[in-house]
Amino acid sequence: MASIVEFMHALGHYNFLQSALIAAIMVGIMSGIIGSFIILRGMSLMGDAISHSVLPGVAVAYMLGVNLLIGATVFGVIAALLIGFVAANSKLKNDTAIGIVFSAFFALGFILISMAESSTNLHHILFGNVLAVSDKDLVSTVIVLAIVILFVVTLFKELQITSFDEVFAKSYGLNTSIIHYGLMIILTLVTVSALQTVGIILIVAMLITPAATAFLWTNRLVYMLALSSTIGAIASIIGLYLSYTMNWASGPAIVLVAAIIFLLSFIIAPKQGFITKLGVKNVKED
């Protein structure tokens, strides 16, 4: 296992490692930002569904030779609309509709990917390979990060209101459906950007874990966004180091680091940590 000094030395000499680090940090930031709204809106399962439902879009875009973002966005929006349609026009609850739609899309994606590519590339799609990020991937990631930041800054008040009280948002005159599907589109863009870094299977973990960790530390949305994006970036940096030095798949390495940070926060967070709650419980019992 290479030391940190050796890793820093390699970082200064290899362009592919520099590109991987930049891409990983940007994915960590955008995942933390969007993930915050996903968990506040109670949409973790929906986020999982959309992140998996883009797989056939990625396959179709690859087969047609078009930008992966286009194919993923189209299939992500179709999945979101189909989930809403099934839930609204049947006795099935929303989580059941989500399970059916995302499973079907994911299965279709597997078939299309296996037709279009080799098992090696399928492995990279599923688990990520940030060390193979290209200049084109890097440019796409920069664009998506800019879109994410612009979307959140422009619609921050609307996102905040709809995330905490959708009923009040409707009475306030906000079109919650447009905001919802706008967020789904942004989620699909983030998903495709994260494909190269963490892979499609673990994208939802990168969306949820840093945001959930930040939620343990603060109740203010602005601080939560800043903290979750910071945690996502830190997990990406450490995960990249482990991926490079130990020859691990980048996705599992990054997600594992994020999970460890969550575990530590779950134990020691000053307001919502396990130790704090245990202490409060003991005081009440006394």
Side-chain angles (χ1 to χ4, degrees), residues 1-4 6-35 47-48 51-52 54-55 58-59 62 68-69 72 109-110 113 117-142 144-145 148 187-211 213 228-263:
M1 179 176 174
S3 66
I4 296 178
E6 292 172 328
F7 175 71
M8 296 300 295
H9 181 267
L11 192 62
H13 287 79
Y14 299 121
N15 290 332
F16 78 91
L17 197 55
Q18 297 169 5
S19 297
L21 178 63
I22 295 172
I25 291 173
M26 289 192 294
V27 168
I29 292 173
M30 69 175 76
S31 297
I33 293 173
I34 295 302
D48 188 23
S51 64
H52 285 73
V54 304
L55 184 57
V58 171
Y62 180 85
L68 299 184
L69 289 174
F110 262 107
I113 287 291
E117 269 293 11
S118 68
S119 59
T120 300
N121 289 315
L122 176 60
H123 182 272
H124 290 167
I125 290 173
L126 295 179
F127 299 106
N129 184 20
V130 69
L131 297 178
V133 66
S134 65
D135 291 340
K136 185 179 179 180
D137 295 327
L138 201 59
V139 171
S140 297
T141 306
V142 171
V144 173
L145 177 60
V148 169
L187 177 59
T188 61
L189 297 179
V190 172
T191 297
V192 177
S193 297
L195 272 178
Q196 190 74 50
T197 306
V198 297
I200 201 164
I201 289 180
L202 296 174
I203 286 174
V204 68
M206 200 60 193
L207 286 167
I208 302 304
T209 309
T213 304
S228 61
S229 58
T230 301
I231 293 171
I234 292 173
S236 297
I237 294 171
I238 299 175
L240 175 62
Y241 166 74
L242 294 174
S243 176
Y244 175 78
T245 58
M246 302 187 70
N247 198 28
W248 291 353
S250 57
I254 292 172
V255 169
L256 182 61
V257 173
I260 292 173
I261 296 174
F262 170 80
L263 179 61

Discussion item. Do I231 and F262 make a side-chain contact, defined as non-hydrogen atoms from C-beta onward lying under 4.5 Å apart?
Written reply: no

Fill in: Distance, nearest 0.5 Å, that separates CD1 of I237 from CD1 of I254
10.0 Å

Worksheet entry | From OG1 (T191) to CE (M30), nearest 0.5 Å | 10.5 Å

Item to complete: Name the orientation class of the two ring planes belonging to Y244 and F16 (parallel below 30°, tilted from 30 to 60°, perpendicular beyond 60°).
Response: tilted

Item to complete: Taking the side chain as every heavy atom from C-beta outward, state whether V142 and I22 have any atom pair closer than 4.5 Å.
Response: no

Worksheet item: Which heavy atom of A59 sits nearest a heavy atom of I113, and at what distance?
Response: CB-CD1, 3.6 Å

Item to complete: Quick one: do S236 and M206 satisfy side chain to side chain contact (heavy atoms under 4.5 Å, CB included)? Show the steps, please.
Response: CA-CA 9 Å; S236 297; M206 200 60 193; 3.5 Å; yes

Worksheet item: Can any side-chain N or O of T188 pair as donor or acceptor with the backbone N or O of A72 at less than 3.5 Å?
Response: no

Worksheet item: Going by distance alone, is a donor N or O of one side chain under 3.5 Å from an acceptor N or O of the other, for S140 and D137?
Response: no

Fill in: Under 3.5 Å donor-acceptor, S51 side chain and D48 backbone
yes

Worksheet item: What closest approach, in Å, do I33 and S228 show between heavy atoms, and which atom pair accounts for it?
Response: N-OG, 4.1 Å

Worksheet entry | Donor-acceptor pair, side chain of S250 and main chain of T197, under 3.5 angstrom | yes

Fill in: Non-hydrogen side-chain atoms of L189 and V148 separated by less than 4.5 Å
no

Worksheet item: Looking only at heavy atoms, which two atoms of A253 and S243 are closest? And how far apart?
Response: CB-N, 4.3 Å

Discussion item. Keeping S229 on the side-chain end and I29 on the backbone end, is there a donor-acceptor pair under 3.5 Å?
Written reply: no

Response to the item:
Rounded to the nearest 0.5 Å, the OG1 atom of T213 sits from the CD1 atom of I261 at a distance of 7.0 Å

Worksheet item: Rounded to the nearest 0.5 Å, how far apart are CD1 of I200 and CG of L55?
Response: 4.0 Å

Worksheet item: What is the minimum heavy-atom distance between A258 and T209, and which atoms define it?
Response: O-CG2, 3.4 Å

Worksheet item: What distance separates K136 NZ from T141 OG1, expressed to the nearest 0.5 Å?
Response: 12.0 Å

Practice prompt. Quick one: closest heavy-atom pair of G32 and A211, and the distance?
Written response: O-CB, 4.3 Å

Worksheet entry | Separation between CG of L202 and CG of L256, rounded to the nearest 0.5 Å | 10.5 Å

Worksheet item: Do you know the tightest heavy-atom contact between A23 and V133?
Response: CB-CG2, 4.1 Å

